Structures are given as structure tokens and as C-alpha cells.
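Data first, discussion second: the structure below is written as C-alpha cells.
Just so you know, these numbers come straight off a predicted model, no measurement behind them.
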There are 2 protein chains.
Amino acid sequence: MKILAKALGANIRAKRKELGISQDGLALECGVDRSYMGRIERGEVNITVEKLYVISRTLGCEAASLLPALAEIKSED
Amino acid sequence: MKILAKALGANIRAKRKELGISQDGLALECGVDRSYMGRIERGEVNITVEKLYVISRTLGCEAASLLPALAEIKSED
DNA sequence: ATGTGACTTGTAGTCCGTA
DNA sequence: ATACGGACTACAAGTCACA
């Protein structure tokens with residue numbers, strides 16, 4: 001899919017592994033579906049800012065820290 | 001509406017005014033409807049990360065810099 | 001130039017599976 | 001535990017008219 005979603009998903013996955021929790025453990029704590037969290041990490045969906053905050057809160061980091069830099073994304077998305 | 005959307009909208013509006021451009025000027029450059037940009041700034045809608053990047057690119061700043069800190073948003077959204 | 005209402009369409013997000 | 005799919009429902013995205 002889109003570069004942006006993939007980069008964001010990769011950041012979320014990296015942070016999650018850093019904490020040593022499972023994908024569906026994270027999904028459960030975020031109150032989102034297990035299968036949906038998988039799609040997010042794989043960059044198959046373009047999440048809303050609200051969901052980004054729910055996830056970052058659970059991951060214990062700033063929402064801003066999960067976002068890839070603009071330079072990484074270039075002109076498309 | 002939600003605190004998060006309002007805080008984000010306020011940040012976008014502040015950055016836009018800093019650049020001295022109008023709401024529909026920004027909307028035009030972002031390729032979104034004038035009325036929709038108004039709703040974003042007023043925090044009436046919960047935008048996707050993709051839209052956030054389109055707007056931040058037009059504003060010439062990092063997407064992360066438009067996001068309010070987690071501490072400002074507390075447990076709700 | 002901006003706010004608001006009443007829409008339609010696309011997709012985010014949910015819930016159920018199988019491997 | 002994770003990837004992936006199908007079939008939904010909720011809401012973001014986009015358009016237009018009027019104040």
C-alpha cells in the first residue's frame with residue numbers, strides 16, 4: 001500500500017517489540033480488533049489521528065514520535 | 001467535539017496564520033474543499049494520518065510538529 | 001473569507017472466520 | 001501468536017448551497 005502507512009506501521013511494530021508485547025496483546029489494550037492491529041502494522045490501512053493517540057498512549061510514547069519524517073515520505077503518500 | 005481534534009485544528013490554524021494565508025488558500029493548496037478545511041481547524045472532524053501529512057507538507061512543517069503532546073490530551077480523546 | 005447544514009461516496013474500523 | 005480474508009457498520013472524505 002502507501003509508503004506512509006507502511007512506515008508508520010513499522011514504527012508501531014518496532015516500538016511494540018521493544019516493549020516485548022504481542023500484537024494481539026497490544027490490540028487488546030488498545031481496544032481494537034486483533035486483525036485490525038495486524039493491518040495497521042503491515043501498513044494496509046490509513047489510521048485516523050485518534051487511533052494513533054490510542055496506540056501511542058498504550059505504547060507509552062508520544063504520538064509524534066511514531067510519525068515518520070516528511071522527508072521519508074516525499075510527494076506521494 | 002473531541003479535545004484532540006480541537007487541539008490539532010488549533011495548531012493547524014496557528015501555523016496557517018503564521019504563514020499569512022487564508023483558510024481557503026490553504027484548502028486549495030491541499031486539494032481539499034474549503035468547507036472541509038474549516039471543519040478541520042474547528043476540530044469537528046477526526047482526520048486520518050494521510051490528511052495530516054498533506055496539510056503539513058503544504059504548511060512546510062513536520063507532521064509531528066502539529067500534534068499536541070499526549071499530556072494535553074489525557075485519557076479521553 | 002468563514003461557518004454551517006444536508007447530503008453522497010469511500011474507507012476506517014469491527015467481527016467473524018481459516019491457516 | 002500472526003497473516004489474511006469476507007461481510008458487515010461507522011464515520012472520514014468530499015461536494016454544494018446559503019448565510
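Formation of a donor-acceptor pair under 3.5 Å by the Arg16(B) side chain with backbone atoms of Leu59(B) is not found in this model. The backbone N or O of Arg34(A) sits nowhere less than 3.5 Å from a side-chain atom of Asp24(A) that would complete a donor-acceptor pair. Judged by distance alone, the side chain of Ser56(B) and the main-chain N or O of Leu52(B) form a donor-acceptor pair under 3.5 Å. In this structure a side-chain-to-backbone donor-acceptor pair under 3.5 Å is present from Glu62(A) to Leu70(B). The backbone N or O of Ala10(A) sits nowhere less than 3.5 Å from a side-chain atom of Glu41(A) that would complete a donor-acceptor pair.
Of the listed nucleotides (dA12(D), dA13(D), dT2(D)), dA13(D) has the atom at the smallest distance from the side chain of Lys51(B). Closest to the Asp24(A) side chain, of the nucleotides dA12(C), dT2(D), dA1(C), is dT2(D).
Distances shown here put a side-chain N or O of Thr48(A) below 4.0 Å from the OP1 or OP2 atom of dG13(C). A close approach under 4.0 Å does occur between a side-chain nitrogen or oxygen of Arg42(B) and OP1 or OP2 of dT4(C).
For the pair Leu28(B)/Met37(B), no side-chain contact is recorded, criterion being any heavy-atom separation below 4.5 Å from C-beta on.
Near-neighbour residues of DNA chain C inside residues 7-20 of chain B, defined by a heavy atom below 4.0 Å, number-ordered: Arg13(B), Arg16(B).
Considering only residues two or more places apart in sequence or on other chains, Arg39(B) meets the salt bridge (Lys or Arg N to Asp or Glu O under 4.0 Å) condition with none of them. By the side chain to side chain donor-acceptor pair (under 3.5 Å) test, Arg42(B) is found to be paired with Glu44(B), residues two or more places apart in sequence or in another chain being considered.
One finds the CG atom of Leu26(A) at 11.0 Å from the CZ atom of Arg13(A) (value rounded to the nearest 0.5 Å).
Between dT14(C) and dA13(D), the two P atoms lie 16 Å apart (nearest whole Å). Taking atom P on both dG13(C) and dG14(D), the two are 15 Å apart, rounded to the nearest angstrom.
Whole-Å rounding puts the Glu50(A) CD to dA12(D) C1' distance at 11 Å. When rounded to the nearest whole Å, the span between CD of Glu44(A) and P of dA12(C) equals 11 Å.
Pairing analysis of DNA chain C (Watson-Crick: purine N1 to pyrimidine N3 plus N6-O4 or O6-N4; G-U wobble: N1-O2 and O6-N3; both under 3.5 Å) yields stems of 3 or more pairs at C:2-7 with D:14-19, C:9-19 with D:2-12.
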Atom pairs under 3.5 Å: protein N/O with N/O of nucleotides 16-19 of chain D:
| from | atom 1 | to | atom 2 | distance (Å) |
| --- | --- | --- | --- | --- |
| dC16(D) | N4 | Ser35(B) | OG | 3.0 |

Taking only N/O atoms, report every protein-nucleotides 8-10 of chain C pair under 3.5 Å with atom names and distance.
none

